[in-house]
Trainee: 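Dropping the structure in here first, questions after.
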Amino acid sequence: MPAHFPPLIAPSVLSADFSRMAEEVIAVERGGADWLHLDVMDGHFVPNLSFGPQLIKALRPQSGLVFDVHLMIAPVDPYLEMFARAGADHIHLHIEAGPHTHRSLQQVRALGVKPGVAICPATPPEAVAEVLDLVDMILVMTVNPGFGGQKFLTSQLDKIRTLRRMADATGRDIRIGVDGGVDVETAALATAAGADMLVAGTSVYGQPDYGRAITALREAGRRPA
Ligand code: DX5
Ligand code: ZN
């Protein structure tokens, strides 16, 4: 199925004030966020550490938002159940995180969580071809994962276009998300290439008015570039 418009906006709490996390989550929910993006890093798959299932579990009763959990960890399998129990609605795992992504995605589905596959800038789009029948989402990294506030890699726009064609060819409804360096300019480029979900850390939590920032991204994604 083709992309949906306008795109969904998923603020990433990686750029929020960690000392006031619950308030920060409530603020983007009030500001009109569609999903809440939660970046889990292990200091091994990516060169940074963030938080684990305990924080997600603590936030769960504070918010009605869809919890979109992005696992930048390897291995993933031993932790999937923990994240499902903590309250993840979606789990994205990296195609690069291990040799058995197929099984891991099946496991996510079996846990009652929507599976997504994430893909790093250095990985070609064809790498996810054999798991498209298992996923509801593809998360295209437009930065090398590990840190917020990096510059959007325009080199990934062709990959988004290719993945949109591949996703449409399945006849299934697969969201294509873009993660990293999304702002009002790059949001327009990404959605024109076929993305219909935008993760935004700095361009929401780095702004004075979260609601205004979320609306601006959604509007930017609505216009063809
Ligand atoms: C990067 C994370 C992103 C990050 C995006 O490794 O996966 O979700 O929070 O931050 P910005 O929007 O600031 O690039
Ligand atoms: Zn992310």
Side-chain angles (χ1 to χ4, degrees), residues 7-18 21 24-25 28 31 33-53 55-56 59 65-74 76 79 83 88-97 108 113-123 135-157 159-160 175-191 195-208 210 213-214 216-218 220-221:
L8 297 176
I9 308 299
S12 166
V13 296
L14 194 63
S15 305
D17 179 346
F18 275 44
M21 198 50 107
E24 291 278 72
V25 171
V28 293
D34 296 294
W35 296 354
L36 188 75
H37 190 77
L38 295 136
D39 287 304
V40 178
M41 304 181 182
D42 67 352
H44 166 74
F45 180 70
V46 289
N48 196 9
L49 292 156
S50 58
F51 51 79
L55 180 73
I56 296 170
L59 292 173
L65 285 171
V66 168
F67 276 17
D68 186 60
V69 176
H70 178 191
L71 296 182
M72 286 163 273
I73 66 174
V76 284
Y79 305 103
F83 284 100
D89 296 295
H90 302 162
I91 292 180
H92 301 273
L93 46 94
H94 272 266
I95 191 76
E96 304 88 358
V108 172
V113 175
K114 288 191 175 184
V117 64
I119 179 167
C120 285
T123 307
V135 301
D136 293 333
M137 300 157 290
I138 305 168
L139 190 65
V140 181
M141 298 309 300
T142 40
V143 297
N144 284 293
F147 303 93
Q150 302 181 78
K151 198 176 172 325
F152 184 94
L153 297 168
T154 50
S155 60
Q156 301 304 300
L157 290 168
K159 186 191 288 182
I160 298 169
R175 286 260 173 196
I176 298 188
V178 165
D179 188 4
V182 171
D183 59 23
V184 285
E185 263 116 64
T186 57
L189 299 173
T191 50
D196 53 7
M197 191 280 270
L198 304 171
V199 175
T202 314
S203 62
V204 172
Y205 280 110
Q207 304 301 312
Y210 300 166
I214 290 164
L217 288 169
R218 191 178 283 126

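Whatever order the structure lists ligands and atoms in, that order sets their numbers, starting from 1.
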Trainee: Tell me if a side-chain donor or acceptor on Asp196 pairs with a main-chain N or O of Ile176 at a distance below 3.5 Å.
Mentor: yes
Trainee: Mark yes or no for whether Ser203, through its side chain, and Val182, through its backbone, hold a donor-acceptor pair below 3.5 Å.
Mentor: yes
Trainee: Kindly write out the residues that satisfy salt bridge (Lys or Arg N to Asp or Glu O under 4.0 Å) with Glu24, not counting sequence neighbours, or none if the list is empty.
Mentor: Arg20
Trainee: Hey, can you tell me if Tyr210 and Tyr205 have their rings parallel, tilted or perpendicular (30° and 60° cut-offs)?
Mentor: perpendicular
Trainee: For Tyr79, enumerate each residue passing the side-chain contact (heavy atoms from CB on, under 4.5 Å) test, keeping only those at least two apart in sequence or located in another chain.
Mentor: Ile73, Met82, Phe83
Trainee: How are the rings of His70 and His37 set relative to one another: parallel (under 30°), tilted (30 to 60°) or perpendicular (over 60°)?
Mentor: tilted
Trainee: Strictly under 4.0 angstrom, heavy-atom based: which residues surround ligand 1?
Mentor: Ser12, Leu14, His37, Asp39, Met41, His70, Met72, Met141, Pro145, Gly146, Phe147, Gly148, Gly149, Asp179, Gly180, Gly181, Val199, Ala200, Gly201, Thr202
Trainee: If only atom types and distance count, is the side chain of Lys114 paired as donor or acceptor with the main-chain N or O of Met137 below 3.5 Å?
Mentor: no
Trainee: Checking the side chain of Thr186 only, and the main-chain atoms of Phe152 only, is there a donor and an acceptor separated by less than 3.5 Å?
Mentor: no
Trainee: Which protein N, O or S atoms lie under 2.8 Å from the Zn ion (ligand 2)?
Mentor: His37 NE2, Asp39 OD1, His70 ND1, Asp179 OD2
Trainee: Using atom types as modelled and distance alone, determine if a side-chain donor or acceptor of Thr142 lies under 3.5 Å from a backbone N or O of Leu153.
Mentor: no
